[in-house]
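Below you'll find the structure, written out as structure tokens, and then a few comments.
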Amino acid sequence: METVAVIDFETTGLSPDWGDRPTEIAVVLLSGGKILDRFQSLMNPGRRIPYYVTQLTGISDEMVASAPPVETVIRQAVRFVGNRPIVAHNAAFDRKFWRSELRRLSLPGDDRSFACTMLLARRVYPESPNHKLGTLAQWLHLPSAGRAHRAMADAETAGYLLHRIRTDISRTYKIRNVDHELLARAQCTPRSSLGRVFCGC
DNA sequence: TGCCAGGCCCTCTTTAGGGCCTT
């Protein structure tokens, strides 16, 4: 089964266009539902972290003061991810920070597509109370990964969610190997045609 | 104590509007 890189950013806010920067990144390499390797680092965003974000994530100005700068960590993360497909929960959010930081560094790969576990979960589990990562983890009884809203815990949980989605799709549509290409296609496919997408492959 | 944006999806829709989700 293809190895994918599941990414999660903690940041100073919602938008790099407003000057927000990452404060932490975690990447897990996932294959067949097993975590093969992990990368995690706090980083110094060069700006203050709003109080409400610290309340949410537990990441404070004091914690990132001695951390390496964003540029250093992003270069390490890019090397760790390599050419593997990238997955995230609400991938549009992580993708825009990934792109923003790669462009700052003039690194290639800022146009890479991300597969999104939230969009997949909306289609596969429409009956879930909502499609927040924490709710899905609880609702599906996924393994506990630690404190929510920290990068490694959320990346691991998104990895477990991805594996569960693959397993349920395989069972529902009698497909043995649900690879990343199918997930990527599902990302752009209306829920009503999900069955046709997988049965058609 | 900075409460910001944007892509996706649904519907009381499509020449639009609003909710969800991420920090």
Side-chain angles (χ1 to χ4, degrees), chain A residues 5-28 40-65 67 70 73-74 77 86-104 110-140 142 145-162 165 183-197:
Chain A
V6 186
I7 282 183
D8 188 78
F9 277 111
E10 304 303 323
T11 71
T12 62
L14 296 175
S15 176
D17 292 338
W18 282 73
D20 289 319
R21 305 288 305 277
T23 57
E24 187 179 43
I25 186 173
V27 185
V28 297
Q40 177 187 21
S41 182
L42 288 167
M43 52 191 127
N44 189 332
R47 57 168 297 175
R48 294 189 64 84
I49 302 172
Y51 174 75
Y52 63 91
V53 175
T54 295
Q55 291 291 100
L56 176 71
T57 65
I59 299 173
S60 64
D61 290 319
E62 291 72 23
M63 290 170 65
V64 300
V70 173
V73 176
I74 291 297
I86 301 176
V87 180
H89 194 72
N90 194 14
F93 176 83
D94 297 277
R95 184 179 56 193
K96 66 184 177 183
F97 278 94
W98 179 265
R99 287 178 171 175
S100 175
E101 296 303 331
L102 263 59
R103 284 173 182 164
R104 278 173 172 265
D110 67 335
D111 57 346
R112 295 176 63 166
S113 61
F114 282 43
C116 180
T117 53
M118 184 188 75
L119 297 181
L120 287 164
R122 281 179 176 171
R123 298 185 177 101
V124 178
Y125 310 117
E127 67 276 29
S128 175
N130 60 56
H131 298 90
K132 296 177 182 178
L133 184 60
T135 300
L136 286 163
Q138 191 171 28
W139 191 70
L140 292 168
L142 300 179
R147 187 194 193 283
H149 297 298
R150 285 300 300 265
M152 182 53 74
D154 285 359
E156 287 189 11
T157 300
Y160 294 139
L161 174 59
L162 174 65
I165 290 170
L183 296 175
R185 289 174 60 179
Q187 183 175 337
C188 303
T189 305
R191 182 172 64 195
S192 58
S193 61
L194 183 64
R196 190 167 66 248
V197 169

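Letters go in sequence order (proteins before strands), and every chain restarts at 1. These numbers were taken from a predicted model, which means no experiment stands behind them.
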Q: Name the nucleic acid region contacted by A:Phe9, choosing base, sugar-phosphate or nothing; use a 4.0 angstrom heavy-atom cut-off, strictly under.
A: sugar-phosphate
Q: Would you mind classifying the nucleic acid contact of A:Thr23 as base, sugar-phosphate or nothing, using non-hydrogen atoms under 4.0 angstrom?
A: nothing
Rounded to whole Å, please give me the gap between [atom1] in [X] and [atom2] in [N].
X        : N      : atom1 : atom2 : answer
A:Phe97  : B:dT22 : CZ    : C1'   : 9 Å
A:Leu14  : B:dT23 : CG    : P     : 9 Å
A:Ile7   : B:dT22 : CD1   : P     : 17 Å
A:Arg95  : B:dT23 : CZ    : C1'   : 17 Å
A:Asp8   : B:dT22 : CG    : P     : 9 Å
A:Phe114 : B:dG6  : CZ    : P     : 17 Å
A:Leu120 : B:dG7  : CG    : C1'   : 15 Å

Q: Identify, residue by residue, the members of residues 56-65 of chain A with a heavy atom below 4.0 Å from DNA chain B, and return them in order of residue number, or none.
A: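 Per residue number, the list reads A:Leu56, A:Thr57.
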(Q) Using a strict heavy-atom distance below 4.0 Å, which residues from residues 129-136 of chain A are in contact with DNA chain B? (A)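 Result for residues 129-136 of chain A: A:Asn130, A:His131, A:Lys132, A:Leu133, sorted by number.
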Taking the side chain of [X] as its heavy atoms from C-beta onward, which of [options] lies nearest to it?
X        : options               : answer
A:Met118 : B:dC21, B:dG2, B:dA5  : B:dC21
A:His89  : B:dT23, B:dG7, B:dC21 : B:dC21
A:Ala92  : B:dG7, B:dC21, B:dT23 : B:dG7
A:Tyr52  : B:dG6, B:dC4, B:dG2   : B:dC4
A:Leu119 : B:dC8, B:dT1, B:dT22  : B:dC8
A:Arg48  : B:dG2, B:dA5, B:dC21  : B:dG2
A:Arg122 : B:dT23, B:dC4, B:dG7  : B:dG7

Q: Identify, with sequence neighbours excluded, every residue that meets side chain to side chain contact (heavy atoms under 4.5 Å, CB included) alongside A:Ala121.
A: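 Once residues adjacent in sequence are excluded, the partners of A:Ala121 under the side chain to side chain contact (heavy atoms under 4.5 Å, CB included) criterion are A:Tyr125, A:His131, A:Leu136, A:Ile165.
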Q: For A:Val27, enumerate each residue passing the side chain to side chain contact (heavy atoms under 4.5 Å, CB included) test, keeping only those at least two apart in sequence or located in another chain.
A: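 If we apply the side chain to side chain contact (heavy atoms under 4.5 Å, CB included) test to A:Val27, skipping adjacent residues, the hits are A:Ala5, A:Ile7, A:Ile25, A:Leu29, A:Phe39, A:Phe80, A:Val81.
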Q. Pairs in or reaching into residues 127-140 of chain A: which pass salt bridge (charged side-chain N to carboxylate O under 4.0 Å, His left out), with residues at least two apart or in two chains?
A. none
Q) Quick one: salt bridge (charged side-chain N to carboxylate O under 4.0 Å, His left out) pairs with a partner in residues 42-54 of chain A, sequence neighbours left out? A) A:Asp20-A:Arg47, A:Arg48-A:Asp61
Q. To the nearest 0.5 Å, what is the distance between CG (A:Leu140) and OG1 (A:Thr157)?
A.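 The CG atom of A:Leu140 sits 11.5 Å away from the OG1 atom of A:Thr157.
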Q) Measuring from A:Asp8:CG to A:Leu133:CG, what's the distance to the nearest 0.5 Å? A) 7.5 Å
Q.
Using the side-chain hydrogen bond (donor to acceptor under 3.5 Å, both in side chains) criterion, which residues pair with A:Glu10? Sequence neighbours excluded.
A. none
Q: Quick one: list whatever passes side-chain hydrogen bond (donor to acceptor under 3.5 Å, both in side chains) with A:Arg103, sequence neighbours left out.
A: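 Applying side-chain hydrogen bond (donor to acceptor under 3.5 Å, both in side chains) to A:Arg103 gives A:Asp110.
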Q | Results of ring-ring contact (aromatic ring centres under 6.0 Å, His included) for A:Phe93 - residues two or more places apart only | A | A:Phe97
Suppose you measure atom [atom1] in [N] against the same atom in [M]; what distance do you get, rounded to whole Å?
N      : M      : atom1 : result
B:dC8  : B:dC12 : P     : 23 Å
B:dC21 : B:dC3  : C1'   : 15 Å
B:dG6  : B:dT1  : C1'   : 26 Å
B:dC4  : B:dG19 : P     : 15 Å
B:dT23 : B:dG18 : P     : 26 Å

Q. Parallel, tilted or perpendicular: which describes the rings of A:Phe114 and A:Trp98, with under 30° parallel and over 60° perpendicular?
A. perpendicular
Q) Are A:Tyr51 and B:dT1 stacked, counting the six-membered base ring, centres under 5.5 Å, planes under 30°? A)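 A stacking contact exists, since A:Tyr51 sits close and nearly parallel to the base ring of B:dT1.
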Q: Establish whether the base of B:dG2 is bridged to the side chain of A:Arg47 by a donor-acceptor pair shorter than 3.5 Å.
A: yes
